[in-house]
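Read through the structure below, which is laid out as structure tokens, and then see the notes.
All figures in this text were calculated on a predicted structure; none of them were measured in a lab. Below, chains carry the letters A, B, ... as their sequence lines are ordered, and counting in each starts from 1.
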Amino acid sequence: KQEVTQIPAALSVPEGENLVLNCSFTDSAIYNLQWFRQDPGKGLTSLLLIQSSQREQTSGRLNASLDKSSGRSTLYIAASQPGDSATYLCAVSNQAGTALIFGKGTTLSVSS
Amino acid sequence: DTEVTQTPKHLVMGMTNKKSLKCEQHMGHRAMYWYKQKAKKPPELMFVYSYEKLSINESVPSRFSPECPNSSLLNLHLHALQPEDSALYLCASSQFQGLRTEAFFGQGTRLTVV
């Protein structure tokens with residue numbers, strides 16, 4: 001059974017720092033991996049999608065990498081801002097054909 | 001347009017009430033999903049519809065009844081809920097189920113059962 005783990009569970013940084021969020025998964029037979037952002041009490045906003053054949057994706061200050069063989073992904077946020085404060089969720093789409101399986105998320109707080 | 005629209009945003013219902021949650025997308029996606037999210041927990045899959053047919057039911061109690069009237073709409077009918085069913089209910093869609101496609105989520109319906 002696929003399990004997704006995110007470390008750390010919470011992270012506090014001052015504005016301007018670069019930071020890395022980690023995601024690991026137990027079954028490497030995935031179609032893709034998706035990073036989401038969730039503000040308190042709100043829905044999920046898709047940040048980046050990495051296909052299983054890709055190594056990384058970039059969008060603005062965000063860069064996500066994927067190492068399928070080791071079951072790891074990282075989300076790199078450059079020059080963090082207070083507006084980046086949110087919970088970041090990692091989710092994988094299994095080749096078994098079911099829907100996304102989520103990690104528990106990393107709650108990020110960026111102070112000004 | 002990458003928007004999934006959910007209504008209502010908030011819902012308070014008694015344990016004897018019947019209510020429905022609605023979800024709509026106009027991206028031409030053929031897979032639609034219902035997730036349930038409790039506070040400080042990740043979303044948990046409830047149902048998957050593929051080409052308007054129910055393809056996955058994650059052993060959800062029968063007091064939750066999904067319906068997919070057409071390819072753009074997904075409903076979740078609620079009846080005789082319990083207080084522990086209070087949660088954020090999220091709808092999502094993707095081009096196809098389980099393939100190499102991006103999933104888009106709505107803003108959710110915050111349900112409180114009293």
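- Interface residue A/Gln38: only side-chain heavy atoms are found under 4.5 Å from chain B.
- Taking OG1 of B/Thr101 as the start and CG of A/Asn32 as the end, the distance is 7.0 Å to the nearest 0.5 Å.
- Around the CZ atom of B/Arg63, the shell of radius 6.0 Å holds more than 12 heavy atoms that belong to other residues, nucleotides or ligands.
- Heavy-atom distances place the side chain of A/Leu89, and not its backbone, under 4.5 Å from chain B.
- Cluster membership for B/Leu90 and B/Phe64, using ILVMFWY side-chain heavy atoms within less than 4.5 angstrom, is not shared.
- Note on B/Met32: it clusters hydrophobically with B/Val60, by side-chain heavy-atom contacts below 4.5 Å among ILVMFWY residues.
- The two atoms that bring B/Pro42 and A/Phe102 nearest to each other are CB-CB, 3.8 Å, heavy atoms only.
- When hydrophobic clusters are built by joining Ile, Leu, Val, Met, Phe, Trp and Tyr residues whose side-chain heavy atoms come closer than 4.5 Å, directly or via intermediates, A/Ile30 is grouped together with A/Leu47.
- The nearest pair of heavy atoms linking B/Leu88 to A/Gly41 is CD1-O, 4.2 Å.
- The cluster map of Ile, Leu, Val, Met, Phe, Trp and Tyr, joined by side-chain heavy atoms under 4.5 Å apart, puts A/Tyr76 and A/Leu66 in different clusters.
- No more than 12 heavy atoms of other residues, nucleotides or ligands lie within 6.0 Å of CZ in A/Arg72, so this atom counts as exposed by the packing criterion.
- One finds the CZ atom of B/Phe104 at 9.0 Å from the CZ atom of A/Phe36 (value rounded to the nearest 0.5 Å).
- Surrounding CD of B/Glu24 are more than 12 heavy atoms belonging to other residues, nucleotides or ligands, all under 6.0 Å away.
- Residues of residues 18-26 of chain A lying within less than 4.5 angstrom of chain B, judged on heavy atoms, are absent.
- Looking at heavy atoms from C-beta onward, B/Tyr35 lies in side-chain contact with A/Leu100 at the 4.5 angstrom threshold.
- Among pairs with a residue in residues 13-37 of chain A, those fulfilling salt bridge (Lys or Arg N to Asp or Glu O under 4.0 Å) read A/Arg37-A/Asp39, at least two apart in sequence or across chains.
- For a heavy-atom cut-off of 4.5 Å, chain A lies close to B/Gly106, B/Gln107, B/Arg110 in residues 106-114 of chain B.
- In this structure, chain A has no heavy atom under 4.5 Å from any part of B/Gln6.
- Hydrophobic clustering (ILVMFWY, side-chain heavy atoms < 4.5 Å, transitive): B/Phe96 and B/Leu54 are in distinct clusters.
- Within a 6.0 Å radius of NZ in B/Lys9, other residues, nucleotides and ligands contribute 12 heavy atoms or fewer.
- Interface check for chain B: of the options A/Lys104, A/Lys42, A/Gln34, A/Gln6, the most heavy-atom pairs under 4.5 Å are formed by A/Gln34.
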Considering only distance and modelled atom types, tabulate donor-acceptor pairs under 3.5 Å from the side chains of residues 12-22 of chain B, sequence neighbours left out.
unit_1  : atom_1 : unit_2  : atom_2 : d
B/Asn17 : OD1    : B/Gly14 : N      : 2.7
B/Ser20 : OG     : B/His77 : ND1    : 2.6

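- How far CZ of B/Phe105 is from OG of A/Ser46: 9.0 Å, rounded to the nearest 0.5 Å.
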